[in-house]
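For reference, the structure discussed in these notes is given below.
Small disclaimer: the values here were computed from a predicted structure and weren't measured.
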Amino acid sequence: MGEIRTIPPRATKTEWNALLDHSLEKTASYIVRSGSASGLYESINGSTGVISYSGSDAALVLRNSFSQLSAGGSVFLKKGTYVLTSKTAITGRTYSGSIILTDNQALIGECKSGSILKLGSAVGGNVVVIENGSTIYDIQIANLTINGTSGSQTDSGLDGDLCGIRGYIFQRSNIQNVHIYGCMREGLYVSDCQWNHYEDIQCDNCGGEGFNWDSEALSDGVNIRAYNNAKRGLYIVGGASQEAAWVTLLGGEASNNVQGGLTIYNAIGVSIYGFKAHRNGAVSSWYDGIYINNSTDIYLSDCQAYENYRAGFLGNASSRVTINGGCSYNNRYDGIDLAGDGMYLDGCQYWRVFGWDAFDSRTTKSQIYGIHSVTTSDYNTFIACDVRDNGSGTFSLSGSNNYLYRNRGYVTQNEGTLTLSSQSGSVAHDLASTPSRVQLTASGSSGNLYLGALTWYPSGSAGVYVVQTGSGTVAVNWRAEF
């Protein structure tokens with residue numbers, strides 16, 4: 001049996017069926033459309049079909065719609081471009097916004113590429129603000145494009161203003177499948193928020209950071225992408241001083257951002273998986289792919305940092321950082337900056353780096369060292385890293401109590417067997433430095449030998465020398481390390 005619908009007043013049967021074709025529309029509190037026969041933006045009550053609000057300013061139509069949802073509800077945007085020509089002040093804040101969301105409210109587009117919020121010329125303010133003066137819960141924003149029209153705005157100089165989405169103290173919320181571009185300042189800027197989910201969001205060509213997560217805690221991001229922003233691509237800040245964040249980022253990319261790709265600052269407990277940082281920085285603006293600054297308990301797995309203008313990966317004054325797999329290659333892109341290494345650590349301690357590849361595949365090797373540390377970077381561990389083919393070398397480490405094991409291109413341990421048929425012989429140890437410890441044992445012999453007389457003589461990188469007394473042959477197992 002077919003669905004029976006009552007045709008509400010002020011909507012024809014064709015209009016009403018068309019409005020309810022989309023599953024999200026069927027539960028929407030208001031359905032907003034552009035390009036109607038009247039030439040106005042219209043907000044249609046999702047229960048009655050009555051056109052509740054209409055006008056030439058999409059911002060006012062949307063604000064009026066949300067003002068009726070004090071107990072929560074959703075506004076659904078049909079495909080179209082919605083020009084926002086007004087804004088409203090935020091109580092207790094210096095910034096303003098065109099659309100204001102509070103508790104349990106949702107702003108859902110019909111599709112990301114087709115439902116477009118566009119800030120009107122010289123309007124100023126943020127496009128969307130999530131704030132009401134106290135903690136907000138259960139916000140949803142999805143399937144939208146936000147155009148901040150930075151070329152027609154004037155910078156107010158106010159922190160938190162002129163963003164695509166600006167949020168403050170909201171929790172248990174979801175922002176998903178959103179494209180934000182062309183904002184005068186940040187694309188997405190949230191502060192003092194918790195337990196939120198961000199997924200499939202792209203911020204590009206903004207005048208500030210693409211993403212600024214300031215004191216965001218216990219939240220996660222999936223496939224977060226930042227391109228061509230004037231500051232950092234993604235900026236994760238614990239607080240004014242080092243604070244717990246416990247943020248998880250799964251996948252994503254930062255490319256061609258002037259002040260670096262991904263920066264983690266003053267944070268405790270951030271986990272990053274499968275993130276790419278490519279060609280960040282610029283000529284005469286040398287920044288890094290991934291930068292960890294004054295942070296603790298950071299974990300990265302299978303991340304890539306390549307062709308950035310300074311270091312692929314830079315750590316400063318940070319401790320207990322674990323890196324498991326990944327690579328940094330062809331960094332120091334313009335061949336100028338003096339910290340242009342695959343990995344550069346300044347005053348970092350208790351780092352554990354496993355399986356990190358740092359190399360330069362270009363004909364002219366501009367990436368300086370594979371891994372380079374300065375300023376008493378102590379107690380760091382590097383295992384199974386590949387640091388071959390860099391401009392100046394493999395490892396260059398300062399500090400003390402650093403441990404290296406089984407790194408390709410920088411051999412710290414080696415072993416083998418040398419068969420002696422005379423009283424002395426040598427074998428190349430292939431270590432990166434002069435051995436400081438060698439173990440020698442006889443594994444097989446013939447003739448008159450005095451095994452206790454086996455002796456090792458260090459000889460730089462030339463070889464491990466052993467001497468035996470007596471006659472006959474002896475097979476010597478050797479193990480050298482430094």
Side-chain angles (χ1 to χ4, degrees), residues 193-199 211 213-226 232-239 241-254 260-278 280 288-306 308 311-329 341-358 370-371 373 377-387 402-405 407:
C193 301
Q194 299 181 44
W195 296 302
N196 299 307
H197 178 75
Y198 306 90
E199 183 172 352
F211 298 81
W213 292 351
D214 186 356
S215 300
E216 177 85 30
L218 301 166
S219 296
D220 61 84
V222 178
N223 194 23
I224 301 299
R225 306 179 305 280
R232 306 165 186 87
L234 175 58
Y235 193 28
I236 300 174
V237 183
S241 58
Q242 199 174 97
E243 294 180 15
W246 308 118
V247 169
T248 300
L249 182 62
L250 304 175
E253 181 178 11
L262 165 64
T263 296
I264 301 170
Y265 176 58
N266 275 355
I268 301 171
V270 176
S271 298
I272 311 289
Y273 300 86
F275 190 86
K276 296 179 181 179
H278 170 239
N280 296 286
D288 316 288
I290 299 174
Y291 180 28
I292 299 178
N293 186 12
N294 195 40
S295 296
T296 302
D297 295 322
I298 309 299
Y299 179 83
L300 294 97
S301 178
D302 295 318
C303 294
Q304 299 179 32
Y306 57 100
N308 298 286
F313 193 112
L314 191 144
N316 180 66
S318 296
S319 63
R320 298 199 303 269
V321 174
T322 300
I323 300 174
N324 187 15
C327 62
S328 56
Y329 61 90
D341 305 286
M343 178 181 293
Y344 182 92
L345 306 181
D346 187 349
C348 294
Q349 297 185 336
Y350 301 104
W351 285 50
R352 297 173 295 273
V353 181
F354 306 102
W356 182 264
D357 296 341
I371 299 176
S373 68
S377 292
D378 303 327
Y379 301 100
N380 299 308
T381 299
F382 305 93
I383 296 177
C385 298
D386 189 340
V387 289
N402 294 302
Y403 179 71
L404 298 91
Y405 183 71
N407 295 292

Run the ring pair (Phe, Tyr, Trp, His ring centres under 6.0 Å) check on F382 and Y405 step by step: do they pass? CA-CA 7 Å; F382 305 93; Y405 183 71; over 10 Å; no
How are the rings of W351 and F313 set relative to one another: parallel (under 30°), tilted (30 to 60°) or perpendicular (over 60°)? perpendicular
Answer whether the closest heavy-atom distance between the side chains of I292 and V321 falls below 4.5 Å. yes
Please report the closest heavy-atom contact between S328 and G342, naming both atoms and the distance. OG-O, 2.9 Å
Would you say the side-chain atoms of N196 pair up with the backbone N or O of S219, donor to acceptor, closer than 3.5 Å? no
Would you name the heavy atoms of A277 and G289 that are closest together and state the gap between them? CB-O, 3.3 Å
To the closest 0.5 Å, what do you measure between CG (D302) and CD1 (I323)? 11.5 Å
No-hydrogen, no-angle side-chain donor-acceptor test under 3.5 Å, R352 and T381: no
Identify the two heavy atoms, one from S318 and one from N293, that lie closest to each other, and give their separation to 0.1 Å. OG-C, 3.5 Å
Quick check: do D357 and Y329 have side-chain heavy atoms less than 4.5 Å from each other? no
Going from CH2 on W356 to SG on C303, what distance comes out if it is rounded to the nearest 0.5 angstrom? 6.5 Å
Could you walk me through whether Y273 and L249 pass the side chain to side chain contact (heavy atoms under 4.5 Å, CB included) test, one step at a time? CA-CA 6 Å; Y273 300 86; L249 182 62; over 6 Å; no
Answer yes if the side chains of S295 and Q242 hold a donor-acceptor pair under 3.5 Å, and no otherwise. no
If the test is side chain to side chain contact (heavy atoms under 4.5 Å, CB included), which one of I224, I272, V222 qualifies with L250? V222
Atom pairs and distances, donor-acceptor, side-chain atoms in residues 260-270, under 3.5 Å, two or more places apart:
residue : atom : partner : partner atom : Å
N266    : OD1  : N294    : ND2          : 2.6
N266    : ND2  : G239    : O            : 3.1
N266    : ND2  : A240    : O            : 3.1

Mind checking whether W213 and F211 have parallel, tilted or perpendicular rings, split at 30° and 60°? perpendicular
Polar side-chain atom of T248 near backbone of D220 as donor-acceptor pair, under 3.5 Å: no
Could you tell me which non-hydrogen atom of G355 sits nearest to which non-hydrogen atom of C385, and how far apart they are? N-SG, 4.1 Å
For the residue pair V247 and S271, establish whether any side-chain heavy-atom pair is separated by less than 4.5 Å. no
Rounded to the nearest 0.5 Å, how far apart are CZ of F354 and CG of N324? 7.0 Å
Reported CZ-to-NZ distance for the pair R225 and K276, which is rounded to 0.5 angstrom: 12.0 Å
Distance in Å, N402 CG paired with S377 OG, rounded so as to fall on 0.5 Å steps: 7.5 Å
Pairwise distance CG(L345) to CD1(I371) - rounded to 0.5 angstrom: 7.5 Å
Which atoms form the tightest heavy-atom contact between G312 and A305, and what is the distance? O-CB, 3.1 Å
Below 4.5 Å, heavy atoms only, C-beta onward: do E216 and I236 meet side chain to side chain? no
Determine whether N280 and R232 make a side-chain contact, defined as any pair of heavy atoms from C-beta on separated by less than 4.5 Å. no
D346 side chain near S373 side chain, heavy-atom distance below 4.5 Å: no
Of the non-hydrogen atoms in T296 and R320, which two are nearest, and what is the gap between them? CG2-NH2, 3.1 Å
If you apply the rule side-chain hydrogen bond (donor to acceptor under 3.5 Å, both in side chains), what do you find for D288 with N308, and how did you get there? CA-CA 6 Å; D288 316 288; N308 298 286; over 6 Å; no
Check this for me: Y379, atom OH, are more than 12 non-hydrogen atoms of other residues, nucleotides or ligands nearer than 6.0 Å? no
Between D386 (side chain) and N407 (backbone), is there a donor-acceptor pair under 3.5 Å? no
